[in-house]
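Below is one structure; the comments refer to it alone.
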Amino acid sequence: MNKNLNYILSILLVISQFGCDDAADSPYPALTFQSKSTISNKGRASAVAFVIGDKGYVALGRNAARSGALKDCWEYNPVTDGWTEKAVFPGLGRVNGIAEAVNGKAYVGLGFDLTKRPYLNEAQLKDFWCFDPVSNAWTRKADFPALSTNACVSFVIGNSIYVGFGFDGATFTNDLWKYDVATDQWKEMAYTGVTRRTGAVVCSDGEKVFFGTGYNSRKENNWWEYFPATDTWKERRAIPGTSREFGVGMSIGNRYFVATGRHFAGNLTGGHLKDDVVEYDAGKNVWYLRGVLPGGGRENAISFVINGKGYIGFGENDEGVLNDLWSFEP
């Protein structure tokens, strides 16, 4: 099929999923994407990503469906479009972990042990580690206090990392915890009142925090704002179109993007992988459809932002893990 026709059909598919009344007319042109280099020829899914300074990092995850948990960590240089392998993660290989950067260091951990059955307590990994890119070394920190470690969300406010909304081996959760990097201590926040779930996304610019999507035996597409100063939540306009889980979220400046994921409904009842990129306008409380990721629909991808440019890649589709990386400017 002609590439231009294929692109047009993809746009029409996304528009049909949104409906005419759901997405606002975008004041921005459609996103354009650039293909970037990748780590190896194997690909990976369910990994973590973080940014320190002007370098991106990708670590952990797996290179096959439901197997092949990884412990490696790679640094991406956007100037050279090249990758450098860093010190191996000291804990177990894992999927669905979290990673955030504070004051020039990364904090990585939690997730799920693929070698264990999913409903066992020991499959939920609570260990938490600090990576220093200067010394290229890892240091263990205080364990996460709860079992809800599988496919959590995380974000940073000041010198604190917030983690919550994961699967604990028995149920979906809606707890939220704050980790203080200075004291190496965890504190549970107030009851959120938000629906329990896993596989959600967060978009945060360090001041504003937006949260939504995910799965909890039903599909979620709602969208919430969290106010760290008061530890309170307020529901915002839901993401247009069908729900999604295991997508990605990112903030580029004070603009907020959600992309990819799966609408879980089964192949015969409307289930599908998503390749759309949508933007939330916090001032107007509306959503814009911004474009379609060239590499196709996927879930369990990674995303990061360097110098005002967004990166989305890796993950998996119904045929296997993917090995691509794409950048865009908003």
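If you read the sequence from its start, that first residue is 1, and numbering goes on from there. This one's a predicted model, so the numbers in the text were calculated from it and none came from an experiment.
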Heavy atoms, side chains only, cut-off 4.5 Å: are Lys42 and Val321 in contact? no

Salt bridge (charged side-chain N to carboxylate O under 4.0 Å, His left out) partners for Glu100, two or more places apart: none

My understanding is that only one of Asp324, Asp276, Asp275 makes a salt bridge (charged side-chain N to carboxylate O under 4.0 Å, His left out) with Arg298; could you say which? Asp324

Let's go through Val95 and Leu60 carefully: what are the C-alpha distance in whole Å and the side-chain angles of both, what is the deciding distance for side-chain contact (heavy atoms from CB on, under 4.5 Å) to 0.1 Å, and is it a yes or a no? CA-CA 7 Å; Val95 298; Leu60 310 179; over 6 Å; no

Check for me whether the distance between the ring centres of Phe155 and Tyr162 falls short of 6.0 Å. yes

In terms of ring plane angle, is the pair Phe128 and Tyr179 parallel, tilted or perpendicular, where the classes change at 30° and 60°? perpendicular

Could you check whether any side-chain heavy atom of Lys105 comes within less than 4.5 Å of a side-chain heavy atom of Ile52, counting everything from C-beta outward? no

For Tyr76 and Tyr311, take the angle between the two ring planes, folded into 0 to 90°, and tell me which bin it lands in: parallel under 30, tilted 30 to 60, perpendicular over 60. perpendicular

Side chains of Trp74 and Thr38 in contact at under 4.5 Å (non-hydrogen atoms): no

Evaluate the ring planes of Phe89 and Trp129, with Trp represented by its six-membered ring, and classify them as parallel (under 30°), tilted (30 to 60°) or perpendicular (over 60°). perpendicular

Phe264 CZ: over 12 foreign heavy atoms closer than 6.0 Å: no

Whether Arg262 and Asp318 form a salt bridge (side-chain N of Lys/Arg under 4.0 Å from carboxylate O of Asp/Glu) is what I want to check. yes

Working for side-chain hydrogen bond (donor to acceptor under 3.5 Å, both in side chains), residues Arg197 and Asn222: CA-CA 11 Å; Arg197 68 192 71 191; Asn222 48 30; 2.7 Å; yes

For a quick check under 3.5 Å, do Asn103 and Asn159 share a side-chain donor-acceptor pair by atom type? yes

With the threshold set at 4.0 Å, does a side-chain nitrogen-carboxylate oxygen contact exist between Lys178 and Asp231? no

Check ion pair Arg236-Glu225 (N to O, under 4.0 angstrom): yes

Check this for me, if you would: do Arg62 and Glu316 make a salt bridge, where the nitrogen-to-carboxylate-oxygen distance has to be below 4.0 angstrom? yes

Please lay out, stage by stage, how Asp168 and Asn150 fare under the test side-chain hydrogen bond (donor to acceptor under 3.5 Å, both in side chains). CA-CA 6 Å; Asp168 67 5; Asn150 192 350; over 6 Å; no

If the test is ring pair (Phe, Tyr, Trp, His ring centres under 6.0 Å), which one of Phe227, Trp233, Trp224 qualifies with Phe211? Trp233

Asp132/Lys86 ion pair, N-O < 4.0 Å: no

Could you walk me through whether Tyr57 and Val48 pass the side-chain contact (heavy atoms from CB on, under 4.5 Å) test, one step at a time? CA-CA 8 Å; Tyr57 296 81; Val48 300; over 6 Å; no

As a test of understanding, state which of Tyr226, Tyr256, Trp287 forms a ring pair (Phe, Tyr, Trp, His ring centres under 6.0 Å) with Phe210. Tyr256

Are Tyr107 and Phe131 an aromatic pair by the rule of ring centers under 6.0 Å? no

In terms of side-chain geometry, is the basic nitrogen of Lys219 or Glu245 positioned less than 4.0 Å from the acidic oxygen of its partner? no

Chi angles and distances behind the side-chain contact (heavy atoms from CB on, under 4.5 Å) call for Val277, Phe257: CA-CA 7 Å; Val277 180; Phe257 297 83; 4.1 Å; yes

Indicate yes or no: does Asp205 engage Lys208 in a salt bridge with an N to O separation below 4.0 Å. no

Solution key, residues 24-34 side-chain donor-acceptor pairs under 3.5 Å, sequence neighbours excluded:
from	atom 1	to	atom 2	distance (Å)
Ser26	OG	Tyr28	N	3.0
Ser26	OG	Tyr28	O	3.2

NZ/NE/NH1/NH2 to OD/OE distance under 4.0 Å, Glu122 and Lys116: no

Side-chain contact, heavy-atom cut-off 4.5 Å: Glu75 with Lys55? yes

